[in-house]
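These numbers come from the heavy atoms of this one structure, side chains and all, not from hydrogens, waters or symmetry mates. Starting from 1, each residue takes its place in the sequence as its number.
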Amino acid sequence: METQKDFRSIQGWGADLDHKNRPAYPKERLPARDIGVHWLSPDYQDRKIEILKSNERPEMTPVFGTTVPPSGFSGVLRRWAFKFSENDVRHWLILITADRINMIEGLFDDLLRGKIPNVFKEMGGKAEFKYNKKGFIKKAAFTAVVLGGVSYLLLRKRNR
C-alpha cells in the first residue's frame, strides 16, 4: 500500500490553491492593468514579399511570417488554397500538399546549387532508427518496394 507523501516542501507545489501563489494571477485582473504600451494595435509590418491572407479577414494582420514566400508549383497551390475558407478541409489539405511539394522543390534547389542533401540525416533517420526501429524498417521496406517498382517500370519501358 502506497502512503501519501508530503509535497509541501517543493517550491510552487499547490500554487493553484491560493491566488496569491499564482504567478500569472495579477495579469488576470479585470479590468486589465496598464502595461505602458503607446498603441492599441502594433504598427504594421512592411510587406516586402507576397503574403497570402485568409479570405475571412478584411485586412492583413499587423505582424506576419515571411519564412516561406510562395514560389514554384507549391506557391501556385498555396495561392489556390487561400481561395477557400479556413473551415474548408480543401484549404488545409492543399496547404499540406504544398508543404510536401515545397520540400521536394528544396531538394532540387540544393542539387542545382551543387549541394547534395543528406536526406537521411535531415529527416531524422538516425533518431528514427534508434527510437523506432519497427517504424524505420516499415518505411525502409516501403521505400524499397516503391523504388523497385519504379525501376522495374522504367527498365521494362526501355526494353520495349
Side-chain angles (χ1 to χ4, degrees), residues 2 5 7 10-16 22-25 27-28 35 37 39-160:
E2 223 175 284
K5 295 183 180 179
F7 295 106
I10 299 172
Q11 184 177 357
W13 180 261
D16 57 340
R22 285 179 59 183
Y25 180 70
K27 292 181 182 180
E28 296 172 356
I35 55 174
V37 294
W39 43 261
L40 295 174
S41 160
D43 295 334
Y44 278 77
Q45 183 177 343
D46 292 336
R47 292 173 66 173
K48 295 180 178 144
I49 61 170
E50 179 185 5
I51 304 295
L52 300 172
K53 77 174 195 66
S54 170
N55 58 11
E56 296 165 350
R57 296 183 181 89
E59 297 179 6
M60 282 294 300
T61 57
V63 181
F64 45 83
T66 58
T67 57
V68 184
S71 63
F73 183 62
S74 63
V76 171
L77 286 177
R78 289 178 202 281
R79 287 182 199 98
W80 183 43
F82 276 92
K83 291 181 180 177
F84 298 105
S85 172
E86 288 183 14
N87 68 348
D88 190 335
V89 72
R90 291 176 292 184
H91 174 84
W92 299 106
L93 291 177
I94 295 168
L95 286 177
I96 289 170
T97 304
D99 285 345
R100 301 309 181 265
I101 291 172
N102 188 253
M103 186 216 36
I104 295 167
E105 289 172 342
L107 291 174
F108 285 122
D109 284 345
D110 286 348
L111 291 172
L112 289 174
R113 292 184 182 138
K115 179 184 181 279
I116 297 174
N118 187 347
V119 178
F120 181 76
K121 185 177 180 183
E122 290 174 6
M123 296 197 63
K126 187 177 177 182
E128 179 83 19
F129 182 73
K130 183 176 180 180
Y131 297 107
N132 185 14
K133 282 191 174 125
K134 186 177 179 182
F136 178 83
I137 291 168
K138 281 183 182 178
K139 289 177 186 175
F142 177 77
T143 303
V145 167
V146 169
L147 290 177
V150 169
S151 300
Y152 172 75
L153 292 173
L154 290 174
L155 289 173
R156 193 176 109 194
K157 186 176 182 181
R158 188 190 307 169
N159 290 337
R160 283 187 184 186

Can you check whether [Y]'s main-chain N or O pairs, donor with acceptor, with [X]'s side chain at less than 3.5 Å?
| X | Y | result |
| --- | --- | --- |
| Glu56 | Glu86 | yes |
| Asp88 | Arg90 | yes |
| Glu105 | Ser74 | yes |

In this structure, are over 12 heavy atoms from other groups packed under 6.0 Å from [X] atom [atom1]?
| X | atom1 | value |
| --- | --- | --- |
| Phe120 | CZ | yes |
| Phe73 | CZ | no |
| Lys134 | NZ | no |
| Lys53 | NZ | yes |

Flag side-chain contact, heavy atom, 4.5 Å: [X] against [Y]:
| X | Y | value |
| --- | --- | --- |
| Leu153 | Arg156 | yes |
| Lys139 | Met123 | no |
| Leu111 | Leu107 | no |

Q: Could you check Leu147, Val145, Val146 and say which one makes a side-chain contact (heavy atoms from CB on, under 4.5 Å) with Thr143?
A: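 Result for side-chain contact (heavy atoms from CB on, under 4.5 Å) with Thr143: Leu147.
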Q: For Ile49 and Pro69, work out which heavy atoms get closest and say how close.
A: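 For Ile49 and Pro69, the tightest heavy-atom pair comes out as CD1-CB, 3.5 Å.
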Q) Minimum heavy-atom separation for His91 to Ala81, with atom names? A)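 Of all heavy-atom pairs spanning His91 and Ala81, the closest is ND1-O, 2.8 Å.
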Would you compute the distance between atom [atom1] of [X] and atom [atom2] of [Y] and round it to the nearest 0.5 angstrom?
| X | Y | atom1 | atom2 | value |
| --- | --- | --- | --- | --- |
| Thr97 | Trp92 | OG1 | CH2 | 13.5 Å |
| Ile94 | Ile101 | CD1 | CD1 | 10.5 Å |
| Leu77 | Phe82 | CG | CZ | 12.0 Å |
| Asn102 | Leu95 | CG | CG | 11.5 Å |

Q.
Could you tell me if Lys133 sits above the aromatic ring of Phe129, with its cationic atom closer than 6.0 Å to the ring centre and no more than 45 degrees from the axis?
A.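 Output yes; distance and angle both within limits.
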Q. Where do Asn132 and Glu128 land on the side chain to side chain donor-acceptor pair (under 3.5 Å) test, with the steps shown first?
A. CA-CA 5 Å; Asn132 185 14; Glu128 179 83 19; 3.0 Å; yes
